[in-house]
Amino acid sequence: MLKDLITPQTANVFLGKLGDILEQAIGKPLGYAINWGRLWSLWPVHIETACCSVEFGAASGPRYDVERFGIIEAFGSLRQCDLVVVQGTITRKMAPRLRLVYDQMPEPKYVIAMGACAITGGLYFDSYNVLPGIDGILPVDVYVPGCPPRPETLIQGCILLQEKIKRMKARKIV
Amino acid sequence: MVGELASNYSTILMMFGFAVVATAPALLISRMIAPRKRSNPVKFLPMECGQVPSGAGRTHFMMQYYAYILMFVVFDVMAIFLYAWGSSILSLPRTATLPIIAFLAIMFAAMAYALDQSRRRNIW
Amino acid sequence: MSVIAPKFRFSEFLKSITDNLFWIIILVTLIGLPVIMIVLLFVDLPVYQGELINPFLAFSWMFHPELSLPLIKSFMITDFFRIAVFPGFGFAVLLATSVIFIERKMLAKLQLRVGPFYCGKIEGILQLMADGIKLVTKEIIIPAKADKPIFILSPLMFVGAAAAFVALIPVAPGWVVADIDLGLIAVFAVIGFFPIITVLASWSANSKYPFIGGIRALFQMVSFEIPLILSLLGVVILTGTLNLSEIVASQASFPWIIFLPVGAIVFFIAMLAELERIPFDLPEAESEIVAGWLTEFSGMMYGLVQLGSYIKLYAFAALFVVIFLGGWNGPMIFPPLEEELILEGKTIGPITIQTPGLPIFSMEFFSGVFWFILKTAAVIFFILLPRGVFPRVRIDLLLDLGWFKLIGLTFLNIFIALALLYAGVFGPGGML
Amino acid sequence: MADAAFLALSVITIGSAIAALELRSLVYGAIGLMGTLGGVAGFFLLLDSPFVALFQIAVYVGSIAVLILFTVMLVKRELIFKKIEDPKRKWAGIGLMLIFMVAIGAVILDSGLKSVTTDEPPVDFREIGDDFLTYYWPALILMALILAGSVTGALVLARREDEISGPRTD
Amino acid sequence: MGLELINFVIVSVALLGIGIYGLSVKRNAIRMLFAIEIIINAANLNLVAFGRFIPHSGGQTLALFSISIAAAEVAVGLSLIIVAYRMYQNIDIADFRSLKG
Amino acid sequence: MGTASGIIKALNSGVKHLAIKRFTLRYPEQKLKFVGDGYQYDPTTGVGIAGYKGRHMLFHDKCTGCQLCAIACEGIAEAIAMVKVPEEWKHNKKAIMPQIDYGKCVFCGLCVDACPFYALYMTNDYELSSFTKEGLIYTPAQLQVKPDVQQDAEIKIDDRGASHG
Amino acid sequence: MTTQLPPGLSLEKVDEKIMTLNVGPQHPGSGHMRLIIQVDGDYIVACDPDPGYVHRGEEKMAEYRNYILNIPHLERPIIHDSCNILYPYCLAVEEILGLEVPERAKYMRVIASELNRCVYIQYWLGIYGIFLGHSTMFMWPMGDRELLIDLLEKMTGARVTHSYFIPGGVRNDLPANFEDVCLRQVNYFEKRIKEYADIFYDNPILIHRTEKTGILSREDAIRLGTTGSVLRASGVDFDVRKKEPYDVYEELDVHSNVLKEGDSLARSKIPWLDMLESCNIIRQALEKMPKSGSIRKKLKPNPRGGDMSVYKRVESGRGSLGCYIVSKNKPEPYRLKLSVPSFRNLIALPYLLKGEKLGNMPAVYWSLNYWPVEADR
Amino acid sequence: MSTEKDSEQQEAPAAEKKQVPAKLDEQLPKFEKDLADKVVAKFGEKTEVAFVKPDRIRINVKKDNIKEVAEFIRDDLGFDHAESVSGVDYPEDKEIEVVYHLGSYTDPQLSKQILTLATRAPREDDPKPGNDSTHLPSLREIFYSVEFHERECFEMLGVYFDGHPDNRRLLLPEDWADLPPLRKDFSIKGR
Ligand code: SF4
Ligand code: SF4
Ligand code: SF4
């Protein structure tokens with residue numbers, strides 16, 4: 001009886017199951033932990049592109065205090081950051097620089113488009129020097145509308161981003 | 001026996017080594033599990049405020065303050081010399097303070113001159 | 001669209017950990033235990049106190065203090081324990097991380113806001129854990145033109161140098177990693193490494209802002225090293241020793257800050273400058289030079305440098321405590337319980353008193369560590385406070401401060417010490 | 001234990017001394033020099049003279065190496081010289097070195113140094129302080145003069161001849 | 001076996017040899033400075049070694065003096081190099097010689 | 001000495017503020033209270049009624065499909081598009097109503113000013129973030145929904161500083 | 001013997017001293033612009049500002065929109081001072097269209113404009129704090145300005161982009177019991193900003209750091225045509241509210257703050273004093289305001305202006321802000337030009353930074369009361 | 001000062017103001033009139049006073065005379081800085097007008113006044129900024145403050161200012177190759 005059970009096929013199946021179990025046991029919680037760390041520690045890169053930066057400043061001020069969510073404003077270098085909040089209009093002069101900033105950031109990185117200008121060009125839909133939204137140059141994760149968005153809306157956008165990160169795949173382990 | 005004191009000091013070195021060994025895995029793990037994308041060569045340019053960098057990266061030397069480094073080399077020696085005196089002062093006769101005062105006087109003169117020179121930023 | 005209130009995500013994290021544990025236990029029982037059993041057949045087991053130590057015995061010893069304590073104690077007196085755990089690395093890292101958290105919360109309170117709040121159930125207590133996990137799983141970018149070996153090694157060296165500094169700090173009587181006669185000079189020797197590491201790190205990145213930051217750091221650290229060294233000379237003159245433990249012991253009745261306040265102030269200022277903290281954080285001045293010499297460090301390398309600098313902060317604060325505030329000296333606040341009281345119980349008349357607990361450390365030790373940590377925390381508070389109160393100074397003002405004002409004050413301090421000594425207040429045959 | 005330490009230190013010291021002179025990059029050369037100096041400090045420790053050892057680290061590694069590194073980074077032309085260095089000279093140098101070492105080695109082996117060892121306790125570092133201020137005090141003054149002279153001399157040398165005029169020349 | 005004086009002397013001789021080699025071969029002023037430092041360290045090592053094996057505090061004291069004077073020397077030497085670099089944009093010893101007159 | 005006393009004054013001020021109430025509005029739990037229900041406009045008198053300019057609200061039973069709001073927005077952000085609605089209204093023969101793209105809208109309220117039929121006004125809803133651009137386009141049916149807001153936090157000022165309650 | 005270079009190696013001429021730094025656009029100390037700075041050691045030898053990263057063509061777009069629809073557009077260059085940038089536009093359009101503003105609306109405009117000035121200055125002050133490495137000085141103004149933003153929000157319905165002024169008056173009336181709330185919060189605000197002195201303006205480190213840096217003499221300030229706080233810090237008493245009173249400023253007691261020093265410290269103190277002054281003006285205006293009355297003159301749709309050109313200016317948070325409109329019998333302006341104070345003050349930047357230390361760069365730059373978006377338009 | 005007060009109260013609806021030139025000279029504000037007269041007396045034909053309103057004077061000058069007129073205004077009238085420089089494109093006239101708004105800080109009497117100095121440069125239909133006939137003399141030597149304004153004017157309208165130290169691009173992207181955007185024939189999309 002026992003001999004019949006231990007065949008190469010069943011052994012294979014067993015090993016496969018074991019691998020699955022391992023993957024489950026290590027991969028999922030580890031991925032969860034990684035995502036947990038990432039979502040509570042979003043450091044936005046310090047790039048101001050237009051007037052929405054005023055409300056971004058207000059969001060990090062005492063009243064709205066995004067540091068409650070682990071978002072530290074006024075961070076020095078882009079090499080340590082993981083979130084680009086595109087704060088408004090991207091002009092044609094700014095666009096290549098924005099892209100460069102995004103490129104120089106380490107993985108993983110997230111993008112929030114803040115303000116009507118960053119989403120679609122907003123008020124400047126017919127201006128000669130403004131990009132119609134940033135989707136063309138950056139992959140946007142969350143759109144935060146408004147002109148400028150209230151800090152609350154920005155915080156809500158950050159919460160949405162956290163939700164999104166939680167659902168993201170942390171990494172293909174193995 | 002020669003070399004018996006050294007074991008006391010080796011713990012400092014061991015502490016150094018332990019710290020390095022204990023933290024190096026953080027870098028290794030990071031290397032293992034962090035996502036990596038090296039498709040874009042722009043990423044590995046030096047960071048310069050969203051600008052493609054121009055010019056050499058290592059040319060800023062603030063020679064205006066070079067005098068301070070020179071002074072440091074000399075007065076660092078002086079400061080630690082004073083410890084040789086300070087630690088044995090309890091067993092020294094009081095007259096032994098005279099040489100150190102002379103020593104300090106000479107060094108003060110040099111320091112005064114040096115500080116005067118280093119203040120004049122436009123000659124550096 | 002409605003708001004998604006941030007729920008407490010940590011509970012799910014816990015759930016996944018229990019998941020994990022469950023699987024581990026299953027795997028261990030299914031695979032591990034048989035393997036262990038088989039191994040036990042072939043391995044010679046050690047003999048301790050005439051008994052063969054098998055796993056079950058080892059388990060049962062956990063509940064037998066008489067048996068397990070000597071083992072633990074013998075482990076605790078090894079160098080390894082000292083280096084890795086108690087007065088050494090583990091302790092320092094624990095304190096350093098708590099300092100980071102406290103700094104953020106305190107700064108937030110000063111600025112009328114909340115600070116980290118949602119990460120972790122209580123007041124964002126897990127914020128640092130999140131930051132740490134994030135940093136570990138972050139990509140490390142090494143710039144193409146960088147000098148790779150130095151660039152990678154410098155954060156490690158930084159942490160290592162900071163740890164070597166910690167090794168010299170006596171925490172409680174007899175509890176110091178390296179108990180050497182020349183402790184103070186060794187401190188200066190270790191401090192001397194930081195400028196080199198900094199300038200090499202900044203040079204290796206081959207980028208403009210780090211290099212400016214590195215050169216600034218070099219000037220700053222180098223300039224403040226001399227006031228730092230000289231400000232401690234007063235204490236050395238009065239105690240006649242360079243051993244930090246002896247310096248602490250000499251303050252059993254009064255701390256030196258009472259007699260040498262000038263030296264203490266100079267040392268404090270020079271310490272702030274060596275630590276690159278506001279108002280002297282020129283090497284990392286964001287508004288001028290992005291992040292200074294940290295600009296090119298990404299991911300865990302940045303994390304390591306931060307860890308190193310906070311370990312350094314703890315070490316400096318502890319040095320201040322050791323030299324000027326009397327280290328572990330302080331009123332005994334724990335009753336001096338004897339070991340038997342805990343192990344066997346003591347019979348006083350009809351009753352037998354037995355207190356539970358692990359008598360690994362003596363009460364003296366507890367008291368010493370308590371006072372040490374309390375004083376260190378106070379000093380750290382004063383190191384952190386200027387960050388919320390002062391703007392950053394400029395490099396020339398900083399250098400002038402170091403070279404013109406502080407050095408003068410240190411000599412004033414030395415003369416005060418000499419006067420105290422020669423007036424017969426201290427020293428052999430002195431009044432105190 | 002001490003023997004192992006001695007061996008390791010010798011390897012480090014001599015290896016990094018060679019590296020200091022032979023590595024292409026001057027910055028790495030300076031790091032090599034730091035290694036040599038640190039190694040020698042280790043020898044001092046082995047010789048039970050911790051004060052000298054720590055003094056060596058604090059002064060040599062802490063300040064002289066900083067100055068050297070600074071200057072090396074300032075003067076960044078090393079690659080050019082590496083190429084024009086002619087091998088003939090190099091062999092001559094190695095020959096000279098060997099001759100020296102053989103000669104001195106012969107002298108040493110000839111002398112009675114070979115078996116000198118000691119069991120006496122080491123000298124306490126406080127005695128050094130005593131020495132300075134009692135027996136060697138003229139040397140101390142002389143050294144003050146040398147240090148003072150060197151700092152003034154270095155400052156006079158290093159400053160720019162051409163004074164740049166003050167800021168704001170619009 | 002215990003450490004003997006001869007061990008230290010051998011290391012010292014090796015350092016001295018390396019120093020002499022560097023001094024004679026290298027033409028880069030900074031490398032020559034390195035060589036000089038190495039030679040000074042060889043001398044210090046000898047001083048301390050003899051001071052330990054023939055117990056006398058003089059060895060250490062002299063070593064301290066020697067280190068301090070080395071510091072002074074480095075300060076002056078590097079200033080010289082900087083001056084030369086400023087004038088000739090170069091730190092080759094041969095060039096100093098040739099450009100002088 | 002001026003410097004020393006200045007430094008002590010600054011430190012003192014810093015320590016004092018450690019005891020002052022925190023000003024933070026804990027946003028997802030607390031929400032700020034606004035004036036009234038939102039910004040409205042009275043075309044007969046020509047003045048607006050104070051209120052917060054948040055997301056619009058459309059009364060289907062009043063909108064005549066006259067497109068005046070779209071014309072007004074044309075010059076500002078082109079956020080309003082007139083789309084067909086399934087229901088038939090007798091005052092709205094063309095059955096078109098405004099659809100607002102909040103990716104473009106700048107919340108200026110000029111469309112409200114333009115509407116002569118009291119059909120459009122602005123509410124206190126500002127939580128509009130979305131994962132996609134399409135999620136920002138609000139159809140007339142969505143605009144009809146009255147947002148459910150509980151906004152009650154206000155600035156409270158007392159001796160220990162201002163806070164939200 | 002001269003140095004013979006081996007083939008393949010060239011001795012490139014490295015300028016050992018001068019280094020070119022790009023400060024911005026992604027730089028914590030640059031805002032939305034780039035400064036190309038050349039440093040010799042610690043000294044700046046040349047500075048070339050490179051604005052235009054937020055140039056959105058407002059002036060061009062204004063030529064395609066009628067006088068009303070321009071309103072949301074024209075406040076965007078400086079959204080945290082949006083009332084003040086609409087003010088000259090409204091004044092100019094009122095002159096073109098021949099409108100008279102009701103008395104109550106004038107007072108409401110003054111209140112809104114003064115509140116907005118404080119909001120702007122608080123933001124500016126916060127950034128100044130962070131530029132000097134003083135993070136508390138970023139947080140406090142950011143928090144305290146919310147008190148006023150709250151008021152403005154009650155008044156106008158938006159946090160910063162109010163779109164409140166309109167040719168012919170203001171868009172909506174004040175909410176009920178606004179006066180009490182306003183008075184209470186303004187008083188508390190005044191108390192708060194007075195506390196900044198302890199931690200910021202009297203802070204010896206700040207004084208050492210900004211005193212005698214970037215000195216702009218009186219003559220230079222006039223010659224460079226600077227305006228607002230930069231001008232008044234150099235000892236020129238020029239405040240449009242006083243010199244050319246518009247709307248009801250004549251009836252209010254306006255005091256303009258002047259300092260003589262002309263350095264960064266003085267330049268950073270003037271806005272703070274202005275804020276205290278604004279609190280006074282708000283209180284006066286609240287007192288004198290008619291309690292009821294019309295607030296808006298009704299306009300025809302698409303009003304047409306005459307054939308004329310008008311230049312109007314007001315005192316904004318940064319200085320005199322002018323609006324030049326050429327009208328050509330059309331509902332749209334033929335040409336609209338905003339003469340913004342930021343752009344006028346920018347010219348002082350290369351002048352002041354020359355010969356300054358690198359560490360002074362943020363202090364001098366931001367003390368010019370410069371908002372890049374406004375300068376770029 | 002009384003005149004200024006009066007003129008302030010004269011702030012009248014535009015309907016009246018439009019007829020100002022048609023009315024008699026006495027009804028013009030006196031102070032401003034005097035200033036304008038001074039300029040006219042000095043330069044006569046070369047200048048033309050376009051309007052005189054309370055606090056505002058506008059003087060049109062030919063482009064060849066603008067430097068002397070500006071110098072006269074600075075030295076003798078006391079206007080010491082330029083508030084703004086705006087270019088206006090008139091395609092029908094084939095001209096581009098450049099308007100300097102001059103103000104004064106030093107003279108308290110003049111602090112209300114804005115003197116508008118306008119001049120015109122020829123305009124080309126196919127502009128090559130800097131290399132065509134659209135030239136004007138720069139006023140930078142006279143009013144230092146026009147430096148950036150003129151740079152902006154150059155890139156926005158293609159008016160090259162002779163004698164300006166750097167006629168470089170200021171606001172537009174580096175790769176801008178289109179028409180200068182503020183010209184009337186540069187039309188923005190969709191309009
Ligand atoms: S969305 Fe509005 S506030 Fe934001 S950048 Fe655009 S115009 Fe400015
Ligand atoms: S609020 Fe303004 S932008 Fe938004 S839809 Fe109405 S008119 Fe358009
Ligand atoms: S909302 Fe008002 S303006 Fe718009 S289409 Fe309907 S009725 Fe007309």
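All chains are named by letter (A, B, ...) in the order of the sequence lines, taking the proteins before the strands, and each is independently numbered beginning at 1. Computed from heavy atoms alone, side chains included, the values below leave out hydrogens, waters and symmetry copies.
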Heavy-atom proximity to chain D below 4.5 Å, by part of Leu47(E): neither

Intermediate values then yes/no, side-chain contact (heavy atoms from CB on, under 4.5 Å), Leu47(D) and Phe50(E): CA-CA 9 Å; Leu47(D) 287 166; Phe50(E) 277 91; over 6 Å; no

Ile64(D) to Ala71(E) - nearest heavy-atom pair and separation: CD1-CA, 3.5 Å

Minimum-distance pair of heavy atoms, taken over all atoms of Tyr60(D) and Ala70(E): OH-CB, 3.0 Å

Exam field: side chain Arg31(E) to backbone Ala20(D), donor-acceptor pair closer than 3.5 Å: yes

Contact summary for Ala154(D) and Ala75(E), nearest pair of heavy atoms: CB-O, 3.8 Å

Over all atoms of both residues, closest heavy-atom pair of Ala17(D) and Leu15(E): CB-CD2, 3.9 Å

Met97(D) versus Gly17(E), closest heavy-atom pair with distance: CG-O, 3.2 Å

Separation between CD1 of Ile67(E) and CZ of Phe44(D), rounded to the nearest 0.5 Å: 5.5 Å

Heavy-atom contact with chain D under 4.5 Å, split by part of Leu16(E): side chain

Segment of Ile18(E) engaging chain D (4.5 angstrom heavy-atom cut-off): both

Side chain, backbone, both or neither of Ile68(D) within contact of chain E (heavy atoms, under 4.5 Å): both

Part of Val52(D) lying under 4.5 Å from any heavy atom of chain E: both

Non-hydrogen atoms of Phe65(E) and Leu140(D) that approach each other most closely: CZ-N, 3.9 Å

Interchain contact, Ile14(D) with chain E, by part (heavy-atom threshold 4.5 Å): both

Heavy-atom pairs under 4.5 Å with chain E, option from Leu142(D), Leu33(D), Thr36(D) with the top count: Leu33(D)

Residue among Ser12(E), Ala42(E), Ala49(E), Gly19(E) with most heavy-atom pairs under 4.5 Å to chain D: Ala49(E)

Best-contacting candidate, Leu64(E), Ile10(E), Val76(E), against chain D by heavy atom pairs under 4.5 angstrom: Leu64(E)

Spacing of OG belonging to Ser79(E) relative to CG belonging to Leu155(D), to within rounding of 0.5 Å: 7.5 Å

Largest heavy-atom contact set with chain E, pairs under 4.5 Å, which of Gly153(D), Gly29(D), Ser10(D), Ser63(D): Gly29(D)

Distance flag, aromatic centroids of Phe100(D) and Tyr21(E), threshold under 6.0 Å: no

Side chain / backbone / both / neither for Leu67(D) at chain E, heavy atoms under 4.5 Å: both

Option that, when pairs with chain E are counted at under 4.5 Å, heavy atom only, ranks first among Leu147(D), Ile94(D), Ile99(D), Leu98(D): Ile94(D)

